[in-house]
Number of protein chains: 2
Amino acid sequence: MEERRAAQKAAIDAADRLFYARGIQAVTMDELRAETGISLKKLYSLFDSKQAILLAVLAHRHELWTSGIARAAGAVSTPRDKLLSVYDFLHGWFTDGNYRGCGFINAFGELGATVPAVALAARKQKDSFQRYVAGLVEQAGAPASLAPQLAILAEGAQTTAAISGSADAAHSARDAAEILIDAALQR
Amino acid sequence: MEERRAAQKAAIDAADRLFYARGIQAVTMDELRAETGISLKKLYSLFDSKQAILLAVLAHRHELWTSGIARAAGAVSTPRDKLLSVYDFLHGWFTDGNYRGCGFINAFGELGATVPAVALAARKQKDSFQRYVAGLVEQAGAPASLAPQLAILAEGAQTTAAISGSADAAHSARDAAEILIDAALQR
DNA sequence: TAAAGTTGAGAACATTCGTTCTCTATCCAA
DNA sequence: TTGGATAGAGAACGAATGTTCTCAACTTTA
């Protein structure tokens, strides 16, 4: 049953690409079949439903995000630099050519009201990021109120970059974060 | 043809409520008919298509937003306070009981990739807000780089509040904005 | 008053799409 | 080799939905 895992992963990767690029309801199961080469019968043996695929995609995206910001933070040493590395990571993402906003926010807007599990997945993802930032803020010795401010900058940069189509928002957010961090530390 | 206008407005208001609360594709034309009491035939005589209704809804939302922040700014006098009034306006919106994120971002995530006019409407809205903030920043005598930072805070507060379900983001964003404005002014 | 035109309600249509079903081919055991 | 079971491909099903069509009611005008 190792190839089952591999097939699931292939399906999740393809679904992630398609859902993210075009929206969830805009992608049909038949397109996922064409993209993966996995027959409908097989897809439905790997997952209960399209919704189950979506939830797996969101879980996968959560891991990508978590490992991405961890890797960026790993390249620097101080808590302050680790906090700022978030915005560098965002800049890399914004300029990778396929950026179309935060997948969780997109899924939340499209399906959050009708599929509670989607709203929950989005909330979990944002909670997790808030805690990550809060941990670094504490390590930096700054007041806890700084954390949501920095998280809000990251969120805002994502939507601004998505809609404007420009990666500048990452720089603006980074500059703002620097000012906020320094102001919070020298008090 | 005055009642035609009135019927269009009623349809737009109802569609706005439904689309915003549940997502666009989750609302059927038949539900809009039930909500408005306007027959399908009539709806299709008032608008070319569901998509045309959506575009009218987005235009309507743009006006609501523009007049909302203008009203909030009208209650105070200095450019600095006008800038901060944006976040007070947001707080009021977040706590009105029906808040589910920025309608433009939701529409962008759901349909931006498949309906270019939706992506365009979202971009226009965000552009317009950026220019509004930039104007106030200039009046305040602060460097232009402050404007995108403040706009990003507003965007981030909207998505954070939507997903977390809490209005705290408005306060965090306001506090951050105050720090950024003051830092930008005393240089 | 009567005929012609207009409007409206909602039934109907055609398409789309998630999901299931059928039939075929392959593989393994005896 | 053969019989049986498993898995896969893709045709088929049934529900949902945007849009149009039909027919009846009403209004207007001569």
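In what follows, chains are A, B, ... by sequence order, proteins preceding strands, each numbered from 1.
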Original post:
Contact class for B:Lys50 vs. all strands (heavy atom < 4.0 Å): base, sugar-phosphate, or nothing?
Top reply: sugar-phosphate
**OP:** Please work out if A:Ser49 contacts a base, only the sugar-phosphate, or nothing of the nucleic acid, heavy-atom cut-off 4.0 Å.
**Re:**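 Counting heavy atoms under 4.0 Å across all strands, the contact made by A:Ser49 is with sugar-phosphate only.
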**OP:** Could you tell me whether A:Asp48 atom CG has more than 12 heavy atoms of other residues or ligands within 6.0 Å of it?
**Re:**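 It does not: A:Asp48 CG has 12 such atoms or fewer within range.
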Subject >> Over 12 foreign heavy atoms within 6.0 Å of CD, B:Glu138 >> reply: no
Between atom [atom1] in [X] and atom [atom2] in [N], what is the gap in whole Å?
{"X": "B:Ile38", "N": "D:dG18", "atom1": "CD1", "atom2": "P", "result": "16 Å"}
{"X": "B:Leu46", "N": "D:dT19", "atom1": "CG", "atom2": "P", "result": "14 Å"}
{"X": "A:Met29", "N": "C:dC17", "atom1": "CE", "atom2": "C1'", "result": "10 Å"}
{"X": "B:Gln51", "N": "D:dT19", "atom1": "CD", "atom2": "P", "result": "9 Å"}
{"X": "A:Glu31", "N": "C:dG18", "atom1": "CD", "atom2": "P", "result": "9 Å"}

Subject >> Contact nearer the 5' end of DNA chain C, comparing A:Lys41 with A:Gln25 >> reply: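 Of the two residues, A:Gln25 wins.
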**OP:** Return the 5'-most residue of the pair A:Thr28, B:Leu40 with respect to DNA chain C, ranking by each residue's nearest nucleotide.
**Re:** B:Leu40
Original post:
Under 6.0 Å between ring centres, would you say that holds for A:Phe129 and A:Trp65?
Top reply: yes
Original post:
Should B:Tyr20 and B:Leu58 be counted in the same cluster of Ile, Leu, Val, Met, Phe, Trp and Tyr side chains packed under 4.5 Å apart?
Top reply: no
**OP:** Can you figure out which of D:dG8, D:dT19, C:dG8 approaches the side chain of A:Ser39 most closely?
**Re:** D:dG8
